[in-house]
Participant: 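Submitted below is the structure of interest, expressed as structure tokens.
Since the model is a prediction, treat every value here as computed from it, not as a measurement.
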Amino acid sequence: MKQEVLECGMVYHIYNRGNNKEDIFIEEKNYGFFLSLMKKYLLPIADIYAYCLMKNHFHLLARIKDTQDIDNKYKEKPYLAFSHLFNAYTKSINKEYNRTGSLFQDRMKRKKIQNEEYLIKTIAYIHLNPIKHEFSESLDYPHSSYNSILSDKPTSLKRAFVLGKFDDRNNFEYWHSKKMLEQLVLQSIVEDDF
């Protein structure tokens with residue numbers, strides 16, 4: 001499958017999982033370390049709208065900044081910032097846990113967000129992913145951007161942009177709760193059919 005080329009000014013759903021479906025986050029401290037590397041490597045080239053980190057995979061929604069807002073070394077190749085992030089994280093995990101080789105499966109997957117409806121659905125999909133994969137029973141999952149978007153604390157996320165897509169905080173919460181309920185109903189229907 002041909003990968004989307006990362007273009008300046010475009011929004012992407014970016015995701016990947018551990019090599020051989022192995023865990024990429026081994027201990028609690030790994031989640032915070034990955035987020036710190038995201039800030040270091042991705043904020044200079046991208047605006048982060050949403051993320052979710054789970055034991056064996058992650059999802060990220062990011063807008064690659066406009067060409068004039070990106071450092072010269074990344075203007076033609078914004079994907080290099082992602083490569084630096086994944087390489088730095090892999091090297092750290094390999095050293096910390098006495099492992100060798102690739103941590104992530106192949107190359108990161110990415111899908112270009114083509115319209116506002118798809119953008120909104122992707123934000124909710126990312127936040128609902130821990131429920132879908134049974135890492136959590138609620139939206140209160142600690143390693144997603146959901147609570148950061150609802151919070152008033154300082155954040156590197158583009159909170160105002162995201163909330164603006166849902167009109168306000170209340171509608172953001174309502175929309176996610178509605179989608180969560182739809183997902184749970186669908187799962188119970190599928191389970192009842194077997």
Side-chain angles (χ1 to χ4, degrees), residues 1-19 24-26 29-54 57-96 99-116 118-123 125-127 129 143-166:
M1 179 168 117
K2 189 176 179 194
Q3 293 282 347
E4 290 275 356
V5 175
L6 294 179
E7 300 173 42
C8 292
M10 300 305 297
V11 178
Y12 294 90
H13 176 199
I14 296 165
Y15 52 100
N16 205 349
R17 65 180 175 193
N19 200 19
I24 55 177
F25 303 105
I26 297 135
K29 66 182 181 178
N30 302 143
Y31 295 99
F33 181 62
F34 188 85
L35 290 175
S36 71
L37 291 176
M38 269 179 45
K39 287 180 183 179
K40 178 179 178 179
Y41 291 109
L42 300 187
L43 289 182
I45 64 113
D47 295 326
I48 309 296
Y49 296 149
Y51 68 84
C52 189
L53 313 178
M54 286 158 287
H57 69 289
F58 72 88
H59 292 270
L60 172 66
L61 186 64
R63 179 186 177 274
I64 306 302
K65 292 181 179 180
D66 296 325
T67 307
Q68 67 271 14
D69 298 326
I70 296 178
D71 187 276
N72 282 336
K73 67 181 177 180
Y74 295 121
K75 280 186 194 235
E76 298 298 318
K77 300 178 181 180
Y79 65 86
L80 284 178
F82 290 91
S83 180
H84 294 319
L85 161 66
F86 302 136
N87 287 335
Y89 186 73
T90 298
K91 285 179 184 177
S92 176
I93 292 295
N94 284 353
K95 183 177 179 182
E96 178 81 16
R99 68 178 302 280
T100 59
S102 176
L103 179 64
F104 294 97
Q105 179 180 312
D106 200 17
R107 286 184 240 150
M108 69 178 185
K109 309 289 188 272
R110 59 254 193 193
K111 291 182 182 175
K112 189 187 297 184
I113 304 299
Q114 300 286 1
N115 58 56
E116 193 163 314
Y118 189 33
L119 175 78
I120 291 168
K121 286 180 178 180
T122 303
I123 292 168
Y125 173 82
I126 288 171
H127 291 146
N129 216 260
H143 308 295
S144 101
S145 55
Y146 180 80
N147 286 326
S148 294
I149 290 170
L150 289 175
S151 173
D152 289 324
K153 294 179 182 175
T155 182
S156 299
L157 296 169
K158 294 299 179 183
R159 178 189 292 139
F161 174 86
V162 172
L163 289 174
K165 294 299 172 190
F166 292 88

Participant: Run the numbers on H59 and M54 for side-chain contact (heavy atoms from CB on, under 4.5 Å), then give the verdict.
Facilitator: CA-CA 9 Å; H59 292 270; M54 286 158 287; 3.8 Å; yes

Participant: Using the ring of each side chain (for Trp, its six-membered ring), is Y125 parallel, tilted or perpendicular to H13, with breaks at 30° and 60°?
Facilitator: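 Perpendicular.
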
Participant: Start with the C-alpha distance between I64 and C8, add both sets of side-chain angles, then the distance that settles side-chain contact (heavy atoms from CB on, under 4.5 Å), and finish with yes or no.
Facilitator: CA-CA 5 Å; I64 306 302; C8 292; 4.3 Å; yes

Participant: Using a 6.0 Å cut-off, check whether atom CD of E96 has over 12 heavy atoms from anything other than its own residue.
Facilitator: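 Enclosed: over 12 neighbouring heavy atoms sit under 6.0 Å from CD of E96.
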
Participant: Evaluate L163 against I149 for side-chain contact (heavy atoms from CB on, under 4.5 Å), listing each step before the verdict.
Facilitator: CA-CA 7 Å; L163 289 174; I149 290 170; 3.7 Å; yes

Participant: Could you report the tightest heavy-atom contact between G101 and T90, atom names first, then the distance?
Facilitator: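 Heavy atoms only, the tightest pair is O-CG2, 3.8 Å.
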
Participant: Is the F161 ring parallel, tilted or perpendicular to the Y49 ring (thresholds 30°, 60°)?
Facilitator: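 Answer is parallel, since the angle falls under 30°.
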
Participant: Over 60° means perpendicular and under 30° means parallel, so tell me whether F86 and F82 are parallel, tilted or perpendicular.
Facilitator: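 Plane angle between 30° and 60°, so tilted.
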
Participant: Scan F34, F25, Y51 and name whichever one has a ring pair (Phe, Tyr, Trp, His ring centres under 6.0 Å) with F58.
Facilitator: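 Single ring pair (Phe, Tyr, Trp, His ring centres under 6.0 Å) partner of F58 among F34, F25, Y51: F34.
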
Participant: In Å, rounded to the nearest 0.5 Å, how long is the span from NZ of K111 to CD1 of I14?
Facilitator: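 Separation between the atoms: 12.5 Å.
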
Participant: Working to the nearest 0.5 Å, report the span between CG of L61 and CG of L119.
Facilitator: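 The distance works out to 5.5 Å.
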
Participant: Which heavy atom of M38 sits nearest to which heavy atom of I48, and what is that distance?
Facilitator: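 Closest approach of M38 to I48: CE-CG2, 4.3 Å.
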
Participant: Is a side-chain N or O of D66 found less than 3.5 angstrom from the main chain of D69, in a donor-acceptor match?
Facilitator: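 Side chain of D66 to backbone of D69, a donor-acceptor pair under 3.5 Å: no, none is there.
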
Participant: Nearest 0.5 angstrom please: I120 CD1 to I123 CD1, how far?
Facilitator: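 One finds 7.0 Å between CD1 of I120 and CD1 of I123.
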
Participant: If we only count heavy atoms from C-beta on, is the K65 to P78 side-chain gap below 4.5 Å?
Facilitator: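 No - every pair of side-chain heavy atoms lies 4.5 Å or more apart.
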
Participant: Mind listing the closest non-hydrogen atom pair of K158 and D47 along with its distance?
Facilitator: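 Closest approach of K158 to D47, heavy atoms only: CE-OD1, 3.2 Å.
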
Participant: Looking at CD1 of I26 and CZ of R99, how far apart are the two atoms once the value is rounded to the nearest 0.5 Å?
Facilitator: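 Nearest 0.5 Å value for the CD1-CZ distance: 7.0 Å.
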
Participant: Could you tell me which non-hydrogen atom of S148 sits nearest to which non-hydrogen atom of L157, and how far apart they are?
Facilitator: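 Of all heavy-atom pairs spanning S148 and L157, the closest is CB-CD1, 3.6 Å.
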
Participant: Using every non-hydrogen atom in the two residues, find where R110 and M108 come nearest and quote the distance to one decimal.
Facilitator: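 Closest pair (atom of R110, atom of M108, distance): NH1-O, 3.0 Å.
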
Participant: When rounded to the nearest 0.5 angstrom, what distance separates NE2 in H84 from CG in L37?
Facilitator: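 It comes to 12.5 Å.
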
Participant: Using only atom types and a distance under 3.5 Å, with no angle test, would you say the side chain of S92 pairs donor to acceptor with the backbone of A88?
Facilitator: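 The answer is no, because no donor-acceptor pair under 3.5 Å joins these two groups.
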
Participant: Quick one, L53 with I24, criterion side-chain contact (heavy atoms from CB on, under 4.5 Å). Give me CA distance, side-chain angles, the key distance, then yes/no.
Facilitator: CA-CA 9 Å; L53 313 178; I24 55 177; over 6 Å; no

Participant: Which value, rounded to the nearest 0.5 Å, describes the distance between L80 atom CG and L85 atom CG?
Facilitator: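 These two atoms lie 12.5 Å from each other.
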
Participant: How close do I126 and C52 get, counting heavy atoms only, and between which atoms?
Facilitator: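 For I126 versus C52, the nearest heavy atoms are O-CB, 3.4 Å.
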
Participant: Tell me whether the count of non-hydrogen atoms from other residues, nucleotides or ligands lying under 6.0 Å of NZ in K73 goes above 12.
Facilitator: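 Not more than 12 within 6.0 Å, no.
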
